Amino acid sequence: MNEEGAALGELEQAIMELLWDSAQALTANEVRDTLAARQDSEPAITTVLTVLGRLNKKGFVTKDSSRRPHEFTATTSREEHTVQLLNDVLGSAVDKHAVLARFIGGIDATDAQQVQRLLQSRDI
């Protein structure tokens, strides 16, 4: 599990997006090359390695050191990460009910129907 409340920086987020989108583990060079294809600039391999190391330390990625080059994989899905962020924000709210009410009040009708179906299917 990643560090509670650990926010991602811009480059960390971009790297996580790549790992989440990938069906397989990626090397640092593959991460750098894919970032370069998606962005206007190519980050240095040392920068990519530093960020991957930081993400590993935070618990967002795992590093397979058994082979060379090392390969990196996201520890959780994009959806699980989003749920963790939502839980962190909700957990820090002084008035959880007010936050939930404003959130539900701000979503579109289709999403509201989906929330309603999910709540109805839940065993309470």
Side-chain angles (χ1 to χ4, degrees):
M1 180 66 83
N2 51 12
E3 288 182 2
E4 188 172 326
L8 295 174
E10 189 176 328
L11 186 53
E12 289 175 327
Q13 183 69 38
I15 289 174
M16 288 306 301
E17 294 293 336
L18 294 179
L19 293 172
W20 284 323
D21 291 343
S22 178
Q24 59 201 21
L26 298 175
T27 66
N29 283 323
E30 290 170 330
V31 169
R32 183 200 56 208
D33 294 345
T34 307
L35 280 174
R38 289 187 179 183
Q39 300 176 343
D40 293 336
S41 62
E42 182 175 326
I45 190 63
T46 54
T47 302
V48 172
L49 284 165
T50 297
V51 173
L52 285 166
R54 193 177 317 135
L55 288 168
N56 180 257
K57 187 175 183 179
K58 288 181 177 182
F60 286 100
V61 302
T62 56
K63 175 182 172 181
D64 181 358
S65 301
S66 66
R67 342 181 348 190
R68 292 276 183 176
H70 300 156
E71 294 180 333
F72 298 86
T73 309
T75 57
T76 62
S77 69
R78 180 183 281 112
E79 294 77 17
E80 289 167 332
H81 173 66
T82 302
V83 167
Q84 183 62 46
L85 290 174
L86 291 171
N87 284 331
D88 289 348
V89 169
L90 192 56
S92 67
V94 174
D95 186 347
K96 290 180 187 181
H97 293 121
V99 172
L100 286 170
R102 289 192 72 134
F103 174 74
I104 295 297
I107 61 176
D108 67 32
T110 303
D111 290 339
Q113 289 173 346
Q114 180 63 24
V115 168
Q116 191 171 32
R117 280 191 294 276
L118 290 167
L119 287 171
Q120 289 171 345
S121 68
R122 190 174 166 195
D123 291 331
I124 298 177

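Starting from 1, each residue takes its place in the sequence as its number. The figures here come from the full heavy-atom set of this structure, side chains too, leaving out hydrogens, waters and symmetry mates. All of these numbers come straight from a predicted model, not from anything done at the bench.
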Using distance only, find each side-chain donor-acceptor pair of residues 102-111 under 3.5 Å and give its atom names and separation, not counting sequence neighbours.
residue : atom : partner : partner atom : Å
Asp108  : OD1  : Thr110  : N            : 3.2
Asp108  : OD1  : Asp111  : N            : 2.8

For residues 18-58, pull every pair meeting ring-ring contact (aromatic ring centres under 6.0 Å, His included), keeping only residues two or more places apart or in separate chains. Trp20-His81
Does Thr75 offer a backbone N or O that forms a donor-acceptor pair with the side chain of Thr62 under 3.5 Å? no
Could I get the full list of salt bridge (charged side-chain N to carboxylate O under 4.0 Å, His left out) partners for Arg68, not counting sequence neighbours? none
Rounded to the nearest 0.5 angstrom, the CG-CG distance for Leu8 and Leu55 is 6.5 Å
side-chain hydrogen bond (donor to acceptor under 3.5 Å, both in side chains) against Ser121, all qualifying residues, sequence neighbours excluded: none
Output yes when a side-chain donor or acceptor of Asp64 lies under 3.5 Å from a complementary backbone atom of Glu71, and no otherwise. no
Can you list the residues that meet the side-chain contact (heavy atoms from CB on, under 4.5 Å) rule with Asn87, with sequence neighbours excluded? Val83
For a side chain to side chain contact (heavy atoms under 4.5 Å, CB included) with Val31, tell me which candidate from Ile45, Leu26, Val51 qualifies. Leu26
Greater than 12 external heavy atoms within 6.0 Å of Arg38's CZ: yes
Does Val48 form a side chain to side chain contact (heavy atoms under 4.5 Å, CB included) with Leu52? I'd like the steps, not just the answer. CA-CA 6 Å; Val48 172; Leu52 285 166; 3.7 Å; yes
Report the residues that fulfil side-chain hydrogen bond (donor to acceptor under 3.5 Å, both in side chains) with Glu42, sequence neighbours left out, ordered by chain and then residue number. Arg32
For Thr46, all residues meeting side-chain contact (heavy atoms from CB on, under 4.5 Å), sequence neighbours excluded: Ala44
Qualifying residues under side-chain contact (heavy atoms from CB on, under 4.5 Å), relative to Gln114, sequence neighbours excluded: Arg117, Leu118
With sequence neighbours left out, write down each residue that passes side-chain contact (heavy atoms from CB on, under 4.5 Å) with Val99, or none if nothing qualifies. Leu90, Ala93
Closest non-hydrogen atom pair, Leu49 against Ala28: CD2-CB, 3.5 Å
Under 3.5 Å, side chain of Thr27 to main-chain N/O of Glu30, donor-acceptor pair present? yes
When the side chains of residues 10-19 are checked against the rest of the protein, which donor-acceptor pairs come out under 3.5 Å, sequence neighbours left out?
residue : atom : partner : partner atom : Å
Glu12   : OE1  : Gly9    : N            : 2.7
Glu12   : OE1  : Lys58   : NZ           : 3.2
Glu12   : OE2  : Lys58   : NZ           : 3.1
Gln13   : NE2  : Glu17   : OE2          : 2.7
Glu17   : OE1  : Arg78   : NE           : 3.1
Glu17   : OE1  : Arg78   : NH2          : 2.7

Keeping to residues at least two apart or across chains, list the salt bridge (Lys or Arg N to Asp or Glu O under 4.0 Å) pairs with something in residues 91-100. none
Roughly how far apart are Ser22 OG and Phe72 CZ, rounded to 0.5 Å? 13.0 Å
